[in-house]
Amino acid sequence: MTPLGKIIRQEINETSPMPVSRYMALCLGHPELGYYTTKNPIGAAGDFTTAPEISQMFGEMLGIWLLQTWADQGAPNPFALAELGPGRGTLMADILRVTGKNTKFTNAMRLFLVETSPVLRKKQIKTLKSQNITHLNNLAEMPDLPLFLVANEFFDALPVRQYVFSDAGWQERLITNATDGFQFILSSPAKNAGLDKAFPNLPNGVVVETSALSLQIAAEIGRRLLSDGGAALLIDYGALSGIGDTFQAVKNHSPSNPLTLQGQSDLTAHVQFQPLCDASKTAMQFATQGQFLENMGLSARADMLAKNASEQELQTLIASHRRLVH
């Protein structure tokens, strides 16, 4: 058992079985032993690869979207360009390479990165060394400015609670100690009007997931957009809405048991976008990543890069394009 696993085991002994959300929060965000507070998890040497690491084209398309959206809203000056969970800074570097061609955009921009990991903050400063960055612990620290925000694979790492429906009521899925580790158990059935409304007409045994922190952040984004103007682009694994157990772990680019390797593997759950929109009280357009990137001109950009590519570079470009749109 990992050192963090021993801490979790002790907390369960002293209190009670813990919700999945508490387990996720500790595994990912424990101040000394959490996954994101101690590791650089992204890329070939990490545990997973995100779209910005696959190809520069991903960030370039987001840069095009930002330029057009900013212009459509009257080119406010000044404005906040913000990213939630910026990883190593790769995405923002690609975005700024495109937006940097517009001096009015660049001069009006104030750059904010919402990041709690000391390890990743250092990576971001190194990647974006020519930029004036303001790091924030949360969105509430940002000044009141028109907000143009991007978040790629951010919401899927926020803690979720899991519930199982039965005719007797809702049972929360909890994590408790087992002889050689941890195991799932169910709480006693209880009525829950909020879950009844959010997930009507379910058969017995179905698992559903909720994320209070995700809704809180979405509400803050929406408050700022409605008050100060701007737009937000959220890209993640998930759907408009859904049911089922999506709690999962990744280690060394392969699926792992989420109840092992505490603090040493990535934990995620699929995102439900409709509740985020409802919490934000803003209008939403929804598309797959492939549809969005093609609408922004991904294939045209790939064709341009292919003109001067070597055979090896061309094969890499083709594979990257396919991975981004499929």
Side-chain angles (χ1 to χ4, degrees), residues 18-30 34-37 41 48 50-51 82-87 91 112-117 120 136-142 147-164 170 172-175 192 194-199 206-226 230-250 258 266-289 292:
M18 63 174 55
V20 172
S21 57
R22 174 62 177 166
Y23 180 84
M24 283 186 72
L26 287 171
C27 288
L28 298 178
H30 187 277
Y35 182 72
Y36 284 114
T37 51
F48 58 87
T50 60
E83 183 178 359
L84 305 182
L91 174 57
F112 298 90
L113 302 182
V114 179
E115 178 63 71
T116 59
S117 167
L120 291 176
L136 306 175
N137 290 310
N138 55 67
L139 198 58
E141 297 176 355
M142 187 175 299
L147 174 63
F148 294 83
L149 178 144
V150 295
N152 180 60
E153 293 193 41
F154 171 79
F155 282 91
D156 70 338
L158 299 183
V160 299
R161 299 183 78 159
Q162 292 188 315
Y163 298 89
V164 179
W170 292 93
E172 184 163 12
R173 203 171 184 222
L174 304 171
I175 294 171
N192 190 314
L195 291 175
D196 289 339
K197 182 178 180 180
F199 303 99
V206 170
V207 176
V208 302
E209 296 170 340
T210 65
S211 176
L213 182 56
S214 295
L215 298 182
Q216 177 185 330
I217 293 172
E220 175 64 12
I221 293 172
R223 183 190 70 79
R224 289 175 174 273
L225 296 183
L226 293 171
L233 178 61
L234 315 180
I235 302 172
D236 232 311
Y237 292 96
L240 273 173
S241 59
I243 57 176
D245 175 14
T246 70
F247 180 46
Q248 57 196 296
V250 172
D266 184 38
L267 300 180
T268 65
H270 286 190
V271 176
Q272 299 178 42
F273 286 97
Q274 189 64 59
L276 298 184
C277 180
D278 294 342
S280 73
K281 298 181 171 60
T282 59
M284 174 177 64
Q285 291 180 313
F286 182 81
T288 66
Q289 177 174 291
F292 171 81

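Just so it is clear, the model here is predicted, and its values are computed rather than measured.
For the residue pair A218 and A279, the shortest heavy atom distance occurs at CB-CB, 4.2 Å. Closest approach of L113 and P86 over heavy atoms only: CB-CG, 3.7 Å. Contact between A82 and L147 at its shortest, heavy atoms only, is CB-CD1, 3.8 Å. Across all their heavy atoms, L213 and P159 have their closest contact at CD2-CD, 4.0 Å. In terms of heavy-atom proximity, F292 sits nearest to A287 at N-CB, 4.4 Å.
Each of L84, N152, L276 was scored for a side-chain contact (heavy atoms from CB on, under 4.5 Å) with L234, with one residue passing: L276.
In this structure the side chain of C27 reaches within 4.5 angstrom of the side chain of L267, judged on heavy atoms. Under the 4.5 Å side-chain criterion, counting only non-hydrogen atoms from C-beta, Q248 is not in contact with D156. A 4.5 Å side-chain heavy-atom check between E209 and D245 finds at least one atom pair inside the cut-off. Using a 4.5 Å heavy-atom cutoff, the side chains of S214 and V271 are not in contact. In this structure, E153 and I235 have side chains that are not in contact, with every pair of non-hydrogen atoms separated by 4.5 Å or more. Side-chain contact between I221 and L139: present, with at least one pair of heavy atoms (C-beta onward) separated by less than 4.5 Å. In this structure, V208 and Q162 have side chains that are not in contact, with every pair of non-hydrogen atoms separated by 4.5 Å or more. D196 places none of its side-chain heavy atoms less than 4.5 Å from the side chain of N192.
At distances below 3.5 Å, at least one donor-acceptor pair connects side-chain atoms of T246 with backbone N or O atoms of H270. Panel note: side chain T116, backbone N137; no donor-acceptor pair is recorded below 3.5 Å.
Under a 4.0 Å N-O distance rule, the pair E172/R161 qualifies as a salt bridge.
One distance of note links CD of E115 with CG of L136; it measures 11.0 Å at 0.5 Å rounding. Rounding to the nearest 0.5 Å places CG of L28 at 9.0 Å from CG of L158. Of the inter-residue distances, the one linking S280 atom OG with L226 atom CG reads 7.5 Å to the nearest 0.5 angstrom. In this structure, the separation between OG1 on T282 and CZ on R224 is 14.5 Å, given to the nearest 0.5 Å. A distance of 4.5 Å separates CD in E83 from CG in L91, rounded to the nearest 0.5 Å.
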Item to check | side chain to side chain contact (heavy atoms under 4.5 Å, CB included) assessment of N138 paired with I217 | outcome: CA-CA 9 Å; N138 55 67; I217 293 172; over 6 Å; no

Next on the checklist: Between V206 and V164, does the side chain to side chain contact (heavy atoms under 4.5 Å, CB included) criterion hold? Intermediate values first, please.
Outcome noted: CA-CA 5 Å; V206 170; V164 179; over 6 Å; no

Next on the checklist: side chain to side chain contact (heavy atoms under 4.5 Å, CB included) for F247 and Y23? Distances and angles first, verdict last.
Outcome noted: CA-CA 11 Å; F247 180 46; Y23 180 84; 4.1 Å; yes

Next on the checklist: Applying side chain to side chain contact (heavy atoms under 4.5 Å, CB included) to Y237 and T268, what does each step give before you reach the verdict?
Outcome noted: CA-CA 9 Å; Y237 292 96; T268 65; over 6 Å; no

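Using the six-membered ring where Trp is involved, W170 and Y163 have ring planes that are perpendicular, over 60° apart on the 30 and 60° scheme.
In this structure, the side-chain hydrogen bond (donor to acceptor under 3.5 Å, both in side chains) partners of D278, at least two apart in sequence or on a different chain, are Q274.
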